[in-house]
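Remember, predicted model here, so these are calculated numbers, not experimental data.
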Protein chains: 2
Amino acid sequence: MANIKEIARIAGVSVTTVSRVLNNHPYVSDIKRAAVLNTIEQLNYSRNMNAVHLITGRTGAIAVILPYINLYYFSIVMDGLAHEALNAQYRLILCQSNYAAEEELKVLEMLRNKEIDGVVIVSTALQPEVIEEYTDYGPVITCQDSGERRFSSVYIEHYEAFWDGLQYLSSKGYRKIGYCEGRQNGSSASIRQSAFRAFLSERNLPFREEWMVYDCMTEEDGAGVALSLLDMQDRPEVLIITGDHVAAGLIIEARKHGLRIPEDLAVMGFDNQPIGRLLDITTIDNHLYDMGAAAFRIIHEQIRTGSRVPVHRKLDYEIIERGTV
Amino acid sequence: MANIKEIARIAGVSVTTVSRVLNNHPYVSDIKRAAVLNTIEQLNYSRNMNAVHLITGRTGAIAVILPYINLYYFSIVMDGLAHEALNAQYRLILCQSNYAAEEELKVLEMLRNKEIDGVVIVSTALQPEVIEEYTDYGPVITCQDSGERRFSSVYIEHYEAFWDGLQYLSSKGYRKIGYCEGRQNGSSASIRQSAFRAFLSERNLPFREEWMVYDCMTEEDGAGVALSLLDMQDRPEVLIITGDHVAAGLIIEARKHGLRIPEDLAVMGFDNQPIGRLLDITTIDNHLYDMGAAAFRIIHEQIRTGSRVPVHRKLDYEIIERGTV
DNA sequence: TTGTATGCGTTATCAG
DNA sequence: CTGATAACGCATACAA
């Protein structure tokens, strides 16, 4: 495979000139530029980017850590990231970690090894303290509120969003509110849960452990909740459920058994997924695409400018009023 | 940042010895190994992988080209790829191309530039002839049947799968069969379409252009089809629909208007998505996860062995009998 | 078992 | 505008 030296020799110039042509530098005479371009064409030359990466210390790649790419939440964030990356001519390295901290750590090691220019973390397996140990090696951004850290973050206030959602339910006259949460290992789950408890207590609304469901992650889990509600003596009037697909499972199963939504049971979702629109589910849109896009823009800016000052960006959410409340 | 030379100097050994320790080579005395490991620890040393990539000519990364990461089809294939990549300690570079051939070409250029060891194509924007121009630079695999090419492929026979699906419908006594296709730019769409036409003609079943729907990609599109069916004088008895989410949209909307499924209108889906299971949709599972996993294993093997002999692997599909037919 | 010397392919530096 | 030469950090052939 031809290299820059050979191009220089054949074109009758120095390697420096070839390099200048390759990088569109000024100060190359048209005649020499043409000669270089010509031999490049003739030899079907292509740059070995690894040499470029070595000497420049940059790779033009950013790694993304997320647990499962085929879950709605993550695939939408990834969509936002990928869209911006395409614009910025940046490459995205995907690490599907299954929440394995050890795998996520390997990605941070890649940052240390200069294989990548930055890391976007859309997972919760790593402690903030661990992440901070790598901030010297390049910019890192997480997609949740990690407080004042040496890395950046972009997030929505889950506490606030959940509180607002509950307020909305309350304003509709509901008093008996149940709660359906997904995976428990995320910090946002516990934040939402505390918002839930605080709200009930502030408003003097009844809290019942039977109205709380945890680790409810799939459509089928939602359907299971519907079944368990059927037998319940004292049912909640409304359920707030993280993940519209779970809400969808619940609604479909509930209707199958004659439960009217929202008359017999109201439902408020979370995520604003396509299935939610289809089933006319009232939900909270947490702007996942924007989150991914913002994360990329922030980290890209930090790489570009070399700034190590962490940026913390809070995003909006939005209650989507539809028919299940 | 410390480098191998400095480690050698401080540990009192040669750079070769340091390199041997780094790569777990034999023929290093325990005492020197310990000394090296010790200074590595002390200086918080980490390898510059770009130098390794440069000298070895390998990067340990494979690029994946797909149009949209947040569509079920692609996210599942990606899941299979990512799972295997994690096992093999390989990195995956995601290019979300939006079907832009020019972007996909850039990825093939990366192969030429030695930035990656191979390319997995789960898109259809590039012509096979174009892809073949890059097979000298490293292994490439596509996730559709491209015939006898200089690159590998893993695929299901869409013609056969669709034919079998139609046969199944036929065996259930349906004669008036409609067809609902997604994005038209994929070659698999036209293959399925020709299977559809051939089947009807062979069985002497009626073909009606009003029963054909194209570019039907979202849940809402499915719902739209349901509405248009309501007004139709002579409705099909059954609809075969690519994409369970589209089928779901159709079913939900149809039921809203009093259409009974499958009595008034039967539905057969494609993809076997979670929503399909929830709504009890009869469907064809095209084993997308396996496709991703197989694609990775094949290309990884080719990278490992250096073999340039293309592999063509046909995968199974499976009719999932449920309640909408 | 160890070390010396060379090369990987490029960009950066600096002198002209 | 141009070019010679020094980095970049590592792996490896070869010699010892």
Side-chain angles (χ1 to χ4, degrees), chain A residues 1-37 39-40 43-61 109-117 137-138 306, chain B residues 1-40 43-61 109-117 137-138:
Chain A
M1 197 66 64
N3 59 20
I4 208 178
K5 212 160 160 183
E6 193 173 349
I7 301 290
R9 188 174 53 76
I10 297 179
V13 300
S14 71
V15 292
T16 310
T17 301
V18 177
S19 178
R20 286 199 178 104
V21 172
L22 250 23
N23 295 287
N24 291 316
H25 277 265
Y27 305 134
V28 179
S29 67
D30 288 348
I31 177 104
K32 296 212 169 185
R33 183 183 302 275
V36 169
L37 252 22
T39 41
I40 282 178
L43 298 195
N44 190 26
Y45 164 80
S46 77
R47 245 191 302 205
N48 184 324
M49 291 307 290
N50 293 316
V52 178
H53 295 164
L54 172 59
I55 193 128
T56 61
R58 288 236 207 134
T59 63
E109 282 294 329
M110 286 173 63
L111 185 63
R112 225 178 135 221
N113 297 340
K114 299 188 178 306
E115 286 186 87
I116 49 180
D117 296 344
Y137 307 117
Chain B
M1 195 65 64
N3 59 21
I4 208 179
K5 210 161 162 183
E6 193 173 349
I7 300 290
R9 187 175 53 77
I10 296 179
V13 299
S14 71
V15 291
T16 311
T17 301
V18 177
S19 177
R20 286 199 178 104
V21 171
L22 249 23
N23 294 288
N24 291 317
H25 277 263
Y27 303 133
V28 179
S29 67
D30 288 348
I31 176 105
K32 296 214 170 185
R33 183 183 302 276
V36 169
L37 253 20
N38 198 27
T39 38
I40 283 178
L43 298 194
N44 189 24
Y45 164 80
S46 77
R47 251 195 295 207
N48 184 324
M49 292 306 290
N50 294 316
V52 178
H53 295 163
L54 173 59
I55 199 151
T56 61
R58 286 231 207 143
T59 63
E109 283 294 330
M110 285 174 64
L111 185 63
R112 221 177 137 223
N113 296 341
K114 301 190 177 304
E115 286 186 87
I116 49 181
D117 296 345
Y137 307 116

Does a side-chain N or O of [X] approach OP1 or OP2 of [N] to a distance below 4.0 Å, or not?
{"X": "A:Y45", "N": "C:dT10", "value": "yes"}
{"X": "A:T17", "N": "D:dG3", "value": "yes"}
{"X": "A:S19", "N": "C:dT11", "value": "yes"}
{"X": "B:N48", "N": "D:dC8", "value": "no"}
{"X": "A:R47", "N": "C:dT11", "value": "yes"}
{"X": "A:N23", "N": "C:dT11", "value": "yes"}

Give the rounded distance in Å between these two atoms: [atom1] of [X] and [atom2] of [N].
{"X": "B:R58", "N": "C:dC8", "atom1": "CZ", "atom2": "P", "answer": "19 Å"}
{"X": "B:N3", "N": "D:dA6", "atom1": "CG", "atom2": "C1'", "answer": "15 Å"}
{"X": "A:I7", "N": "D:dG3", "atom1": "CD1", "atom2": "C1'", "answer": "17 Å"}
{"X": "B:R9", "N": "C:dG3", "atom1": "CZ", "atom2": "P", "answer": "15 Å"}
{"X": "B:R33", "N": "C:dG3", "atom1": "CZ", "atom2": "C1'", "answer": "16 Å"}
{"X": "B:L22", "N": "D:dT12", "atom1": "CG", "atom2": "C1'", "answer": "14 Å"}
{"X": "B:H25", "N": "C:dG3", "atom1": "NE2", "atom2": "P", "answer": "16 Å"}
{"X": "A:E6", "N": "C:dT10", "atom1": "CD", "atom2": "P", "answer": "11 Å"}

Out of the candidates B:N38, B:L37, B:I40, B:T17, only one should pair with B:I7 under the side chain to side chain contact (heavy atoms under 4.5 Å, CB included) rule; please name it.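 Only match with B:I7 under side chain to side chain contact (heavy atoms under 4.5 Å, CB included): B:I40.
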Between A:Y27 and B:V15, who's closer to the 5' end of DNA chain D by nearest nucleotide? A:Y27
Sugar-phosphate, base or nothing in reach of [X], heavy atoms under 4.0 Å:
{"X": "A:S29", "answer": "sugar-phosphate"}
{"X": "A:K32", "answer": "sugar-phosphate"}
{"X": "A:N50", "answer": "nothing"}
{"X": "B:V13", "answer": "sugar-phosphate"}

Nearest 0.5 Å please: distance from the [atom1] atom of [X] over to the [atom2] atom of [Y].
{"X": "B:K5", "Y": "B:I10", "atom1": "NZ", "atom2": "CD1", "answer": "13.5 Å"}
{"X": "A:T59", "Y": "B:M49", "atom1": "OG1", "atom2": "CE", "answer": "12.5 Å"}
{"X": "A:N44", "Y": "A:T39", "atom1": "CG", "atom2": "OG1", "answer": "12.0 Å"}

Tell me if a side-chain donor or acceptor on A:R112 pairs with a main-chain N or O of B:Y45 at a distance below 3.5 Å. yes
Student check: side-chain heavy atoms of A:K114 and A:H53 closer than 4.5 Å: no
B:I4 side-chain proximity, nearest of D:dC10, C:dT11, D:dT12: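 Output: D:dC10.
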Any donor-acceptor N/O pair under 3.5 Å between D:dT12 base and B:T16 side chain: yes
Which residue lies more 5' along DNA chain C, comparing B:L54 with B:V28 via nearest heavy atoms: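 The residue whose closest nucleotide sits nearer the 5' end is B:V28.
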Return whichever of B:S14 or B:I55 has its heavy-atom-nearest nucleotide of DNA chain C closer to the 5' end.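 Mapping each residue to its closest nucleotide by heavy atoms, the 5'-most match is B:S14.
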